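Because the structure is a prediction, the values reported are computed rather than measured.
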Amino acid sequence: SHAALLAAVEDLGLPAVVKTRRHGYDGRGQAALHAAADINAAWSAIGEVPAILESFVPFRRELSLVVARDANGSLAPYPLVENVHHGGILRTTKAPAPDVSADLQQRADGYAALLLDALGYVGVLAIELFELADGSLVINEFAPRVHNTGHWSIEGAQTSQFANHLRAVVGLPLGATTPLGFACMVNLIGTLPDPGALLALPDTHLHLYGKDPRPGRKLGHVTARAASVARRDELCERIQNLVAHH
């Protein structure tokens, strides 16, 4: 409620983000509060519906973890990936994420195991995390489904997130999540670049969703795979340039 929002701002302080409890995605259903003068407009912008308030988190980068769990409790985590958002919408994912220590991966896997076991979950679930400057991890949200930050796995992992979701649900053994080199996924937002220019790049794969173009809409994604981090990053930059300047 509006009164509860005022109380939450008093408790958490500003800046903060108010988010609707339902139907929020890709930046929708959210409003940033930088000063008390923003509260009324933000409350109106989200439709005056039940919401939560979250403090700003001074994170170094966003990571995510996609993990599959079968009915017997076996887990198949994918490597941590690094995500970049703009305007509340995921733009790029690099897999595996750069500079991830074994300890960091193990901590993320441990959080996932606690969550999935507590839920008795079967299938694929994605967890989005903030890595703070001191190396600690804060879970931002989780999605009980296959996830945009795992789309790279179609070409970039031994078993895709989609295949492992089905394997878990129908009771087949989970497949290996080992990455096949280094991958970069770039979302296609609002309009589509020239498919020929994208597919002219080596080991690049285009997925279109059959949606009508409109601002802020995910129309597809493109994934490039490479044998080295340097080559992956080069291909990622070339794809981003094609997407930005088509």
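At least one side-chain heavy atom of Arg232 sits under 4.5 Å from a side-chain heavy atom of Pro98. Under the 4.5 Å side-chain criterion, counting only non-hydrogen atoms from C-beta, Asp233 is in contact with Lys94. Side chains of Leu6 and Ile39 form a contact here, defined as non-hydrogen atoms less than 4.5 Å apart. Using a 4.5 Å heavy-atom cutoff, the side chains of Leu132 and Val57 are in contact. Under the 4.5 Å side-chain criterion, counting only non-hydrogen atoms from C-beta, Leu219 is in contact with Pro213. Using a 4.5 Å cut-off on side-chain heavy atoms (C-beta onward), Thr93 and His151 make no contact. At least one side-chain heavy atom of Leu104 sits less than 4.5 Å from a side-chain heavy atom of Leu63. With contacts defined as side-chain heavy-atom distances shorter than 4.5 Å, the pair Tyr78/Val67 does not qualify.
Thr149 and Asn83 share no side-chain donor-acceptor pair at under 3.5 Å. When only modelled atom types and interatomic distance are considered, Ser101 and Asp103 share no side-chain donor-acceptor pair under 3.5 Å. Under 3.5 Å, the side chains of Thr159 and Asn164 contain no donor-acceptor pair of N or O atoms.
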- Item | Worked verdict on Glu54 versus Lys19 for side-chain contact (heavy atoms from CB on, under 4.5 Å) | CA-CA 8 Å; Glu54 296 181 350; Lys19 301 180 178 180; 2.9 Å; yes
- Task: Apply side-chain contact (heavy atoms from CB on, under 4.5 Å) to Leu65 and Gln105, showing your working.
- Result: CA-CA 9 Å; Leu65 178 71; Gln105 182 74 50; 3.6 Å; yes
- Task: Would you check, one step at a time, whether the test side-chain contact (heavy atoms from CB on, under 4.5 Å) holds for Leu137 with Phe130?
- Result: CA-CA 6 Å; Leu137 293 172; Phe130 293 140; over 6 Å; no
- Message: Assess the residue pair Phe162 and Ile154 against the criterion (side-chain contact (heavy atoms from CB on, under 4.5 Å)); give the C-alpha distance rounded to whole Å, side-chain angles, the decisive distance to 0.1 Å, and a yes or no.
- Response: CA-CA 8 Å; Phe162 297 95; Ile154 298 171; 3.8 Å; yes
- Item | Steps toward salt bridge (charged side-chain N to carboxylate O under 4.0 Å, His left out) verdict (Arg61, Glu131) | CA-CA 6 Å; Arg61 60 176 175 171; Glu131 183 184 10; 2.5 Å; yes
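Distance check: Glu234 CD to Leu201 CG gives 9.5 Å after rounding to the nearest 0.5 Å. For the atom pair His34 NE2 and Leu14 CG, the distance stands at 9.5 Å (nearest 0.5 Å). The NE2 atom of His2 sits 10.0 Å away from the OG atom of Ser44 when rounded to the nearest 0.5 Å. Remark: Leu174 CG to His165 NE2 distance equals 11.5 Å, nearest 0.5 Å. To the nearest 0.5 angstrom, Leu33 atom CG is 6.0 Å from Asp38 atom CG. To the nearest 0.5 angstrom, Ile89 atom CD1 is 6.0 Å from Arg28 atom CZ.
Arg167 places a side-chain N or O within 3.5 Å of a backbone atom of Pro173 that can act as its donor or acceptor partner. The main-chain N or O of His85 is never found under 3.5 Å from a side-chain atom of Arg91 such that the two would form a donor-acceptor pair.
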Which donor-acceptor pairs under 3.5 Å do the side chains of residues 179-188 make with protein atoms, sequence neighbours left out?
| from | atom 1 | to | atom 2 | distance (Å) |
| --- | --- | --- | --- | --- |
| Asn187 | OD1 | Asn148 | ND2 | 3.3 |
| Asn187 | ND2 | Leu90 | O | 2.9 |
| Asn187 | ND2 | Asn148 | OD1 | 2.7 |

Could you give the side-chain donor-acceptor pairs of residues 112-129 under 3.5 Å, partners two or more places apart or in another chain?
| from | atom 1 | to | atom 2 | distance (Å) |
| --- | --- | --- | --- | --- |
| Asp117 | OD1 | Arg69 | NE | 3.0 |
| Asp117 | OD1 | Arg69 | NH2 | 3.4 |
| Tyr121 | OH | Val124 | O | 2.7 |
| Tyr121 | OH | Pro144 | O | 3.2 |
| Tyr121 | OH | Arg145 | N | 3.4 |
| Glu128 | OE2 | His147 | NE2 | 3.2 |

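The two residues Pro77 and Asp109 have their closest heavy-atom pair at CB-OD1, 3.6 Å. Annotation for Ala51 and Val18: closest pair CB-CG2, 3.8 Å, computed over non-hydrogen atoms. When all heavy atoms of Leu242 and Ala197 are compared, the pair lying nearest together is CD1-O, 3.6 Å.
In this structure, His221 and Tyr209 have tilted ring planes: the angle between them lies in the 30° to 60° band.
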